[in-house]
Every structure is written in structure tokens, then in C-alpha cells.
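These values consider heavy atoms only, across backbone and side chains, with no hydrogens, waters or symmetry-generated copies. Every chain is numbered from 1, with letters handed out A, B, ... down the list of sequences. Nothing here was measured: the structure is a model prediction, and the numbers come from that model.
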Amino acid sequence: MSSKLSAVKGMNDLLPEQAELWELVEAKVSEVFRQYGYRPIRTPIVETTPVFVRAIGEVTDIVEKEMYSFNDALNGEALTLRPENTAAVVRAAIEHNLLYDGPRRLWYFGPMFRHERPQKGRYRQFHQFGVEAFGMAGPDIDAEVIQIGALLWQELGLTPFITLQINNIGSAADRQGYAKALTAFLEQHVDQLDTDARNRMHSNPMRVLDSKNPEMQALLASAPLLTDFVSDESKAHYAALQALLAAAGIAFEENPRLVRGLDYYNNCVFEWVTQELGAQGTVCGGGRYDGLVEQLGGKPTLAAGFAMGIERLVLMLESLSLIPASALQVVDIYVLVVGEGVVAEGLALARSLRTAFPDLGIIGHCGGGKYNSQLKRAYASGARLAVILEQDADTSATPNTVKLRRLDDSGQSETTDIDSVVAKVGEFLSISA
RNA sequence: GUGACUGUAGCUCAGCUGGUAGAGCCCCGGACUGUGACUCCGGUUGUCGCGGGUUCGAACCCCGUCAGUCACCCCA
């Protein structure tokens, strides 16, 4: 015996029950995207490494330590399993000239990969839905993508458990000016900084603001504010977005410490967060990324979008017991085939029932076995009705009757002519064929 | 990458501060009754995560290692 094989750390199998729930969530989410006129796009799981390095930023955590990067064994090309999909969608949009004939609204779904230590709500292979809207200045499009999120939570019953946080992080130039001022402030107080803050002070000073150390937060209370470095134009955009959200009845809270982990964001950024998931509370995050297209070699194109993690949504649905009954696949009818001489007839009978009742789940018994054991399988399947085709034990003749049996406590059964079995099944299940 | 906790049957878990493997549920085969059954018999429930060490003797104590979970960091 060889040693047991197992899935890669942080990469999960979805067993049937969970996979069915995912299918339901996927259907609801893609339906909402479709309602808003967003069109699907599918890009490869692997991109050349520069796609992500140029888009996400050299000094981000994702690029520095979380990417699954490798060299193609055949030609040495530097490749990376996508850690997020905005960069790849932008690459594809540029490559196929999608941005030269007006606005584009796109959505995607698929697996992403980050080499992190797994914990609740965080996995090395995880799955994101996302939307990207190109060529619109906003803030109306900003409000639209936020509204899409709000509608999704409503559709999934999660609205009471998710709140919207927004922030204005200004332009890249604004942030550079601010980072300079912030670094100067930190240098002045370097003796009071913890190790973490000192390490980040020069590489990514704005990350220091995220510190959960109370002493750091106390010190940062007197630090310069990003708001003071943001242009008036950006402030006006931000104010207009808030007005649109209010008009749409979407509640939000401003979080001045909300700084997204990818360099390409600018101006309005947002996160949908929850208390239900432990430490990983962000269910959906996004914002504007007006400079990204140009940065990746396209003509300057405004853009906004978000990404949401389906694992976290499903975890919420599970922990809040909000899984719709319709998520689980049901078996309605189990066809017993007793006797080897009626196997062909059994297959045909099950087939004709499926044709007559296309919405029902119908299992035809396979593998033989005695009446008792087949009936036991029928009960175990969860079916409501057993359709029993039984070969005559004495004559071995093909039967011209079929027995129907309710698989409930009543055990009510009835024998019917094989030609009228469809009508009879409809009666038993109170539906018409 | 760092830390804490947890690894005993397919599942849920016992195992009294070292003395020879346990319960419940499930699963399989057979007998019986034609209709999930009941009852009876029988079966697998196991390298006690893995490897060392201490000991006459380790599921239990010590060291190492692996895995899982949660948290830090960061994010979806």
C-alpha cells in the first residue's frame, strides 16, 4: 500500500452537498450580473508573472510572498497562478481591443491562488466573482457596482449581516505626497514604533495605519491625515458618491483606515464586511482603478469594480443557517428493477418517466439485488415514490403491470397498468405530466 | 513566515495523572418474514497521526516531525 493521497494544503474538495450550494449561489450571482448588463469573460488561470507584478505592485504582500510563481519547465517562461483576476481581465481587454468602442461591463468567476497559511475563510485556492466596468468616470458607476453588491446580499438573505465601508484614498500622486509626509512623521517618532511599523515605515508607510497595536494607534492619532492630501476633485467625486448611495438607500460607514492591499486602486474604495466570519470579515472589496489599464499598456481608461469571495459567502450561509432548501438536489422517484429479465424494461420505464417529468430527479436502480434491498435503497435515496417493476418469479414473463408505493409512513401502494404508469405517477405526486 | 490548540473505529467521542482496546451511530454478509422492519448469528469497526526516547511495560510522560483548526500578518 502506498501512503494516503490528500489534497494540497489550503485547497478544498467540494463534496456534493456543498457543491450543490455553490451552484445555487453561482446561479443567483450571475443572474444579478446579467440583470445589470454585465457580460461574462473567462481568462486563463495562469498568466505571465509580469501581468500581476505590474498591476498589483512590487511591494505588496501578494506579490512579495503569496504568489504561486514558477518557470515553465519547457521554455523557462515566468508564470503565475492568478492571485486575483482584475489584472488578467485588463490584460485580456487590452489584448482583444475591448476598450476601443465604448464602455464595457464585464464579470468573471473562478479560482484564485495565494500561498498563505490557511485559516477560517482563507484558503490557498479560493474563488472569486468580480465585475469590472471600463470607460466610465463615475461616481454613478461606483454607485452601480456597490448597488450590485447590495442586491446580491439581499438575494442571499445576508443584508442584515453585512455592512458597507467606504473610503477615499485619492490619486496615486496624492498618496505619494501623503506617504512622504507620513514617513516624515514616523521618522520623528521612530523610537516609539514597534517592529512591524519600523519595517513598513519606508516600504509601505500607509500600511502602518492598519496596526492593531493600541500604542501605535495612540501615536497615529496625531499623524497627518490622508484627507488633507487628496485633491478637491477627488473629494467632490467622493461626496457625490455618498449622495448617490444615500439616494439609493444604501447605508455605509466611512472608514478612514480602509486601504486596499493592491496598488492599483484610487479614489473611492469600499469593502463589504461581516462579523460572522471570525477574523476574515471582508466578503467583497473593490473600488476605482483608473490608472491600471494604462499601466498595463492600454490607452488611458477609467475603471471600477469589485471582487467577492464565494467561500466566505457560503460560510456565512452555513453559519447563519440560511441555506435554501432548494439548494440540495432531490430525488423524487426511485425505480426498482427486480429480476434480471426486466432490466431493459426498467431502463425504458425510467427514461419515459424522465421525459414525462423533466423537472423531477429519477433514479433507476442498478446493480440488481433482492426486492428488500432495493426498497431499502429507495428509502435511503430520499425519494417520495417507488416505481416497482418486478419480474414474475414463476413464469419469468415480462410484467404488464407496475406497482407504485409511497415512500412515507403510509406505505400506500397501488398496482397499475404499465401503459398508464405516467398518469398514475402524476396522480401520486399531485402533478401533471 | 510566527504562535496557540487538537490528532484514538467510516462518524461522534470515552479511556480515572504508565499495566494487555472501548461505547453509541453507521456499514457488510447470513437466517427469518415478501415489502425500510423486528429478532438472531457473524464480520471490518484500530500501524491509538508518524518517528525516536525514558521505562520491565507508553494511547498516556519527554523530544522531533507531519496534518488539521484558529489567530497574527494580509486579504476575498
What is the pairing partner of [N], taking Watson-Crick or G-U wobble pairs with both distances under 3.5 Å in any strand?
N: B:C60; answer: none
N: B:G22; answer: B:C13
N: B:G29; answer: B:C41
N: B:G3; answer: B:C70

With sugar-phosphate meaning primed atoms plus P, OP1 and OP2, does [X] contact a base, only sugar-phosphate, or nothing at under 4.0 Å between heavy atoms?
X: A:Gln125; answer: nothing
X: A:Arg377; answer: sugar-phosphate
X: A:Tyr123; answer: base
X: A:Gly121; answer: base
X: A:Asp61; answer: sugar-phosphate

Provide, to the nearest angstrom, the distance between the [atom1] atom belonging to [X] and the [atom2] atom belonging to [N].
X: A:Lys9; N: B:U69; atom1: NZ; atom2: C1'; value: 10 Å
X: A:Ile388; N: B:U35; atom1: CD1; atom2: P; value: 12 Å
X: A:Lys120; N: B:U69; atom1: NZ; atom2: P; value: 12 Å
X: A:Glu116; N: B:G68; atom1: CD; atom2: C1'; value: 18 Å
X: A:Ile62; N: B:C73; atom1: CD1; atom2: P; value: 16 Å
X: A:Leu164; N: B:A76; atom1: CG; atom2: P; value: 15 Å
X: A:Gln280; N: B:C74; atom1: CD; atom2: C1'; value: 8 Å
X: A:Leu336; N: B:U35; atom1: CG; atom2: C1'; value: 10 Å

Quick note, A:Lys403 side chain, CB onward, closest among B:A76, B:U35, B:C73 is B:U35
- Derivation of the side-chain contact (heavy atoms from CB on, under 4.5 Å) call for A:Thr401 and A:Glu390: CA-CA 9 Å; A:Thr401 60; A:Glu390 188 175 14; over 6 Å; no
Between [M] and [N], how far apart are the [atom1] atoms? Round to whole Å, please.
N: B:A67; M: B:A76; atom1: C1'; value: 25 Å
N: B:U17; M: B:A9; atom1: P; value: 23 Å
N: B:G10; M: B:U6; atom1: P; value: 23 Å
N: B:U20; M: B:G36; atom1: P; value: 46 Å
N: B:G15; M: B:G3; atom1: P; value: 30 Å
N: B:C50; M: B:U8; atom1: P; value: 10 Å
N: B:U12; M: B:C72; atom1: P; value: 26 Å
N: B:G49; M: B:U69; atom1: C1'; value: 15 Å

Closest to the 5' end of RNA chain B, once A:Arg124 and A:Tyr379 are matched to their nearest nucleotides, is A:Tyr379
By nearest-heavy-atom nucleotide on RNA chain B, the more 5' of A:Arg405 and A:Leu277 is A:Arg405
I want to check something: taking the side chain as every heavy atom from C-beta on, are A:Gln35 and A:Leu151 in contact at a cut-off of under 4.5 Å? yes
**Prompt:** Taking N and O atoms by type only, does the side chain of A:Arg117 place a donor or acceptor under 3.5 Å from a partner on the base of B:C73?
**Reply:** no
Ring pair (Phe, Tyr, Trp, His ring centres under 6.0 Å) test vs A:Trp272 passes for just one of A:Trp153, A:Phe161, A:Phe306, namely A:Trp153
TODO: Using the aromatic ring of A:Tyr371 (for Trp, its six-membered ring), decide whether it stacks on the base of B:G34 within the limits of 5.5 Å and 30°.
DONE: no
Practice item. Step by step, work out the side-chain contact (heavy atoms from CB on, under 4.5 Å) result for A:Tyr289 and A:Phe134. Key: CA-CA 10 Å; A:Tyr289 44 98; A:Phe134 296 105; 4.1 Å; yes
*asked:* So, OP1 or OP2 of B:A37: does either fall under 4.0 Å of a side-chain N or O from A:Lys376?
replied: yes
Kindly say if A:Gln119 contacts the phosphate of B:A71, meaning a side-chain N or O under 4.0 Å from OP1 or OP2.
yes
Taking the basic N atoms (NZ, or NE/NH1/NH2) and the acidic carboxylate oxygens, is any pair closer than 4.0 Å for A:Arg124 and A:Glu116? no
ask   = Using 4.0 Å as the upper bound for N to carboxylate O, is an ion pair formed by A:Glu414 and A:Lys424?
value = yes
*asked:* If we ignore hydrogens and angles and just use 3.5 Å, is the side chain of A:Arg175 paired with the main-chain N or O of A:Gly170 as donor and acceptor?
replied: yes
